[in-house]
Each structure stands twice: as structure tokens, then as C-alpha cells.
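Encoded as C-alpha cells, the structure appears first; notes follow it.
All values below were derived from every heavy atom in this structure, side-chain atoms included, with hydrogens, water molecules and symmetry-related copies excluded. To find a chain, count down the sequence lines: A is the first, B the second, and so on, and within it residues start at 1.
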Amino acid sequence: MAPELVEEMSRPREQVRVLPALEKAEKGVVMRFAPNPSGPLHLGHARAAVLNDAYVLRYGGRYVLRIEDTDPKRVDPLAYDMVREDIEWLGLAISDIVYQSDRFDLYYRYGRELIERGGAYVCTCDNERFREMKLARKACPCRGRSIEEDLAAFEKMRAGEYEEGDATLRVRTDLDHPDPAMRDYPAFRILKSPPHPRMDAFLYPLMNFSVAVDDHLLGITHVIRGKDHIANTRRQRYIFDYFGWEPPVYRHYGRMGIEGVVLSTSQMRAGIAAGEYQGWDDIRIGTLRAIARRGITPEAVREAVLDIGIGETDISFSWENLFARNKAVVDPVANRYFFVPDPVLVRVKGAPDHVAHALLHPAHPERGTRDLHFTGQILLPREDMEKGRVMIRLKDLFNIEISGEGEDISARFAGESLAEARAQKAPIIQWLPEGTGIPCTLVTPNGNRTGICEPGVAREKGAVVQFERVGFARIDAVTPEGIIAYFTHR
RNA sequence: GCUGCUAUAGUGUAGUCCGGCCAAUCAUGCCGGCCUUUCACGCCGGCGACUGGGGUUCGAAUCCCCAUAGCAGCACCA
């Protein structure tokens, strides 16, 4: 095992909230994460994925990744890979992978059996007409056909002899059910286009059927999903009952909104197509790849999600809490550098040439220093010049006194005493020797900040660093023109 | 409209099942202080909540009823 991993595991965990116990879990569990491959995973997926993962880890057992690609209209062929990458990033302990598109023969077989058991019938009613009858608690004419007729019609559906919308297999539930959502819901439909990227079919199972069959066949013991599935859980119950199967234990957590970002895959896709977003990792959308690009770690996502738990209350996910978790992960690791945003050139008079040795990390001197050669001309953040301070401490260097304003700022050496700087309440600010730094663009959700950073930052590509007094940032790209850094958080 | 779920500080969360130990936990945030050659990290202190109204009870955040609000479902999506 890699040494970093050992260190990672022995590092005292932040106190992550203990999830409530699951009933019937003592002897181990089989759980599932079942995304639809319509795009990359986002924070909403992460909640389901991590919660299930945590329970599998806690009780032991298997964790099935089930790709729910039964609707070709909502399958993006590229998403299969993206989902896999995102799962890897999250570090889920997946033990089995199944694709529903590989299992259509199974669904057909159980579809026939459901008909034979009297649990389903082929309905050829017009959609709108069926809806009216359903709301009036009336049976549609198709409901009374014989099992043989339904079986034959089901075969015709499979063979492609019906056109889209002309026939559907319905589960026979209870037309008097007080909840109209329960009444004779559909289990299979006809679809002739678009073609499925992984197979050929005219007859497609709907989610409530394929999910119920698979949950049983895969031996799923516990299902944790959003409360938008409560009705589906009840619908699936009919199928379990018809087959005499024991359903899993279900938990439904509340709806989660996230401030400031789009979470819907279709909206994100539309935004990308319209050129509004740059891609699936645009920092303004809530995909995992987007937050990863900003320097959010999977550990932080995991902890934030566990912190939220499986409560049934609707919540609004706050970046503050995620950032706090992330900071705890990243702060001990991130090397420190100077980044001078919107720099102004200042000549310092009367100062001796000097080499500053700034620590890469204040808590880890053994990591070494960045050495900055002062030779008279320096770059300072314009922001700090506009505050009217006279005495300033250049971090790891010496004190200066500022005079002038605007583009005409100059400075004078004011001694090396840190104590004196303290006494005068001088701010300690970052600086760079003129001419040695490299251009750097800090990309933030509120726009970009340009400036100059230390040359050493070029060695940190892909890593999260801390720009002193500015905040954490992930070094996204190092090009001949300069560095692109993504702002993580303060 | 019908059906169902939920309701604790700015945010998240514990407590609610089995009423009293809750003048309500922890985290985050904010404010103040300390530490510190970063406005980071760390430490100390402070701020801040049981949706409303009835009822049951000696006693209710916890049980019951009503109201209000939010959310979800009523798709040939998942």
C-alpha cells in the first residue's frame, strides 16, 4: 500500500456523524448505486452513492453498480465512461457492475410470468383516455382480456408489431387505490427510436419493472434513495407481491437543493450546447468533475454527505459546510505561494539586496522553502496599496513605508524588525521580486483575477496550493503564457 | 384537484420511536480575543433554534388534533 494511503487512513478522521442503524442489516447487506447514464455524476448522485457505500462499509457485503440504461432517450454513450470515472474519483467500494441493457431477455421472461400470474395486461388504449379512466377509477377495456391474449399481445410488442404508443404492458394494481399514482401503472412500452447504443429492442421495460426484478435477482437487501421514489417503492411492492418475493428495506432521504448551481443533467446539457457553460466541468455547474477541478477532494464530499445523512427533511446543501470539510483535508497538504493579484510595481529605496526564505508550509519546515531574491523592485497587490497604509511588512522580508498613490507609488526601507511592524499594526503582505514571477489567472465563480505568482507554482500542476492571504486554489494548467488556477475557497 | 412525506439556530445535524436527565447536541457561519512573519491553521469566549394554535399530562421539542409552509408523486423518465 502506498505510504500516502497509510497516512491518509491513520489520520484522525474529522468526527463524521454516525448514520442511523439499518434494520435487518446485522448479517451484512447488499446495496446498489443505480445511476442513469445521461451525463456525469453530480452532487445529488454523490449523496446516494456515498450513503449506500457507507452502509456497505459498515455492515459488510456487496455494493452493486447498476447502470440503468433502459431509456435510450436518456442515454448518452459518453456517459458510461464518465460515470465510471466519477465513481472511481469518489472511491466507492463497488463489488459488482451490471448493465440493465444486458438484461432485457430477463425482463421479458419475468414480464411473461407476471402476465401468467395475472399481474399485468397489455393495454392499447389511447394515453389520454386511459388517464381519464384512471382518475375516474374505471377499468379500461383491455383489462378484461384473457392471459393467453395478453401473452400473445406481449409477443407482438416484442416483435415490433406495434408502433410507439400503441401498446403498453400495465401492472394490475387497484383501481380504487386512493392515490391515483398507484393505479395500473405501466411496466413496458414500445420504442422505435432512437436506437439504444448497446442493443436492439422495440420493447423497453420501465423503471418500476426493471428495478423491482433486478433488486430481487441481485439480492438487494437495502435501498437508500431520494423521497421522490416513495411512490415508486409502493408501485414496486405490487411486483414483489405478485412474485412472492420479499422486498428490500427502503429508506428515502429528503430532497436536496444546492445554492447557486444547476443540478439537473438536462439543464446542464442544454447550457453546454448553448455555449453558456464550457463543458461538464464548468465550475458553475454541480458535477463532481467540476468541483474536483476547483480542488474539492472526494474525502470532503464524502464527509459533507455523511454529515447530511439520510434525513427525510428537504435541505439546501451549503457550500460552506463542504468548504470547511475540504479545508481540513487540504490545509495540511497545500504548499504556500505568493500570488499578487492586480500587481503594482514599487521601487523600494534604501533597502539592501536580500534573499527571503519563505516556508512551503508553515507547519512543515522540512518541506523546504521558496527563495525570493529582493533586488529593489517589487510587485505588490494594488488592493493593499489603496488602503492608505504607510507601514507594511513584506512577508519573510522586511518593513517598508509607502508613499505616493496610484501608479506613482514608491517605498522606503523601514527596518527589519518584525516586532516594530507588529507594534505599528502593519499588515504582513505577499510580494514578488519584479521580473521573476509568472502570469497567473485565478478563475473564480465571480470572475477572474489576474496577477503574478511565484515560478514554483508551475511545479504544482493538478495540486491544490494556498495563495497566501488569497485562498486555496487548484493549479489547473501550466502553459507558456502562464498559469491557470481555479479558486477553491478561502 | 387527489395521494403521500417533512417541519430544531443563517446552513447542516443530534434529540422525537420508549414524554421528565433538553432553560435543547455537535459542526459550519458570524462576532470578539489569543497564537502566528498569510486575512490560513490552531486555541478560548460569545451570538443564534424546537413553524403556529389547541389538547392529553404533575410534566411535551418529544404523544394527539387542526392550521400553515415546503417538497414529492399522479409520464409509454430514472
Using the [atom1] atom as the point on both nucleotides, what is the distance between [M] and [N], in whole Å?
N: B/C65; M: B/C18; atom1: P; result: 14 Å
N: B/C26; M: B/C66; atom1: C1'; result: 34 Å
N: B/G10; M: B/U68; atom1: C1'; result: 22 Å
N: B/G20; M: B/A27; atom1: P; result: 24 Å
N: B/A67; M: B/C31; atom1: P; result: 43 Å
N: B/G73; M: B/U13; atom1: C1'; result: 28 Å
N: B/A24; M: B/A9; atom1: P; result: 14 Å
N: B/C30; M: B/U11; atom1: C1'; result: 12 Å

Ionic contact status for [Y] with [X], cut-off 4.0 Å:
X: A/Arg336; Y: A/Glu454; result: no
X: A/Arg325; Y: A/Asp307; result: yes
X: A/Arg74; Y: A/Asp69; result: no
X: A/Glu460; Y: A/Arg474; result: no
X: A/Arg32; Y: A/Asp96; result: no
X: A/Glu26; Y: A/Lys24; result: no
X: A/Arg382; Y: A/Asp342; result: yes

Contact list (N/O, under 3.5 angstrom) for nucleotides 2-4 of chain B vs protein:
| residue | atom | partner | partner atom | Å |
| --- | --- | --- | --- | --- |
| B/C2 | O2' | A/Pro178 | O | 3.1 |
| B/U3 | O2' | A/Asp179 | OD2 | 3.2 |
| B/G4 | O2' | A/Arg234 | NH2 | 2.9 |

Separation of [N] [atom2] from [X] [atom1] (nearest whole Å):
X: A/Tyr238; N: B/C74; atom1: OH; atom2: C1'; result: 13 Å
X: A/Phe188; N: B/A78; atom1: CZ; atom2: P; result: 12 Å
X: A/Tyr250; N: B/C5; atom1: OH; atom2: P; result: 17 Å
X: A/Ile308; N: B/U13; atom1: CD1; atom2: C1'; result: 10 Å
X: A/Asp307; N: B/U13; atom1: CG; atom2: C1'; result: 7 Å

Going by ring-ring contact (aromatic ring centres under 6.0 Å, His included), name the residues that satisfy it together with A/Tyr107, two or more places apart in sequence or in a different chain.
A/Phe104
Give A/Asn232 one of three labels, base, sugar-phosphate or nothing, depending on what nucleic acid heavy atoms sit under 4.0 Å from its own.
base
Parallel, tilted or perpendicular: which fits the ring planes of A/Tyr204 and A/His196, with parallel below 30° and perpendicular above 60°?
parallel
So, is [X] close to the [N] phosphate, meaning a side-chain N or O under 4.0 Å from OP1 or OP2?
X: A/Arg393; N: B/U37; result: no
X: A/Ser318; N: B/G29; result: no
X: A/Lys134; N: B/C76; result: no

Crowding at CG, A/Asp200 (>12 non-hydrogen neighbours, <6.0 Å)
no
Checking contacts here: which listed nucleotide ([options]) is nearest the side-chain heavy atoms of [X]?
X: A/Lys395; options: B/U38, B/A78, B/C71; value: B/U38
X: A/Arg255; options: B/C76, B/A72, B/A7; value: B/A72
X: A/Ala181; options: B/G73, B/U38, B/U13; value: B/G73

Given a 3.5 Å cut-off on both pairing distances, which stems involving RNA chain B, each at least three consecutive Watson-Crick or G-U pairs, are present, if any?
B:1-7 with B:68-74, B:10-12 with B:26-28, B:29-34 with B:42-47, B:51-55 with B:63-67
side-chain hydrogen bond (donor to acceptor under 3.5 Å, both in side chains) partners for [X], two or more places apart:
X: A/Arg234; answer: none
X: A/Asp166; answer: none
X: A/Arg183; answer: none
X: A/Glu468; answer: A/Arg370, A/Lys395

Measure all distances between protein nitrogen or oxygen atoms and nitrogen or oxygen atoms of nucleotides 41-49 of chain B, and list the pairs falling under 3.5 Å.
| residue | atom | partner | partner atom | Å |
| --- | --- | --- | --- | --- |
| B/C41 | OP1 | A/Lys327 | NZ | 2.9 |
| B/C41 | O4' | A/Asp331 | OD2 | 3.4 |

With 3.5 Å as the limit, what N/O pairs link the protein to nucleotides 32-34 of chain B?
none

If you measure from OH on A/Tyr250 to CZ on A/Arg237, what distance do you get to the nearest 0.5 Å?
8.5 Å
Within residues 119-131 of chain A, which residues have any heavy atom lying less than 4.0 Å from an atom of RNA chain B?
A/Asn127, A/Arg131
Does A/Thr297 have any side-chain contact (heavy atoms from CB on, under 4.5 Å) partners at least two apart in sequence or in another chain, and if so, which?
A/Glu299, A/Ala300, A/Asn326, A/Val329, A/Val330
Regarding B/G12, can its base be found pairing with the side chain of A/Glu320 as donor and acceptor, where the two atoms are less than 3.5 Å apart?
no
Please report, to 0.1 Å, the donor-acceptor pairs under 3.5 Å made by any side chain of residues 119-131 of chain A, with sequence neighbours excluded.
| residue | atom | partner | partner atom | Å |
| --- | --- | --- | --- | --- |
| A/Tyr121 | OH | A/Asp184 | OD2 | 2.5 |
| A/Asp126 | OD2 | A/Glu128 | N | 3.1 |
| A/Asp126 | OD2 | A/Arg129 | N | 3.3 |

Checking A/Tyr63 side chain against A/Ala49 main chain: does a donor-acceptor pair fall under 3.5 Å?
yes
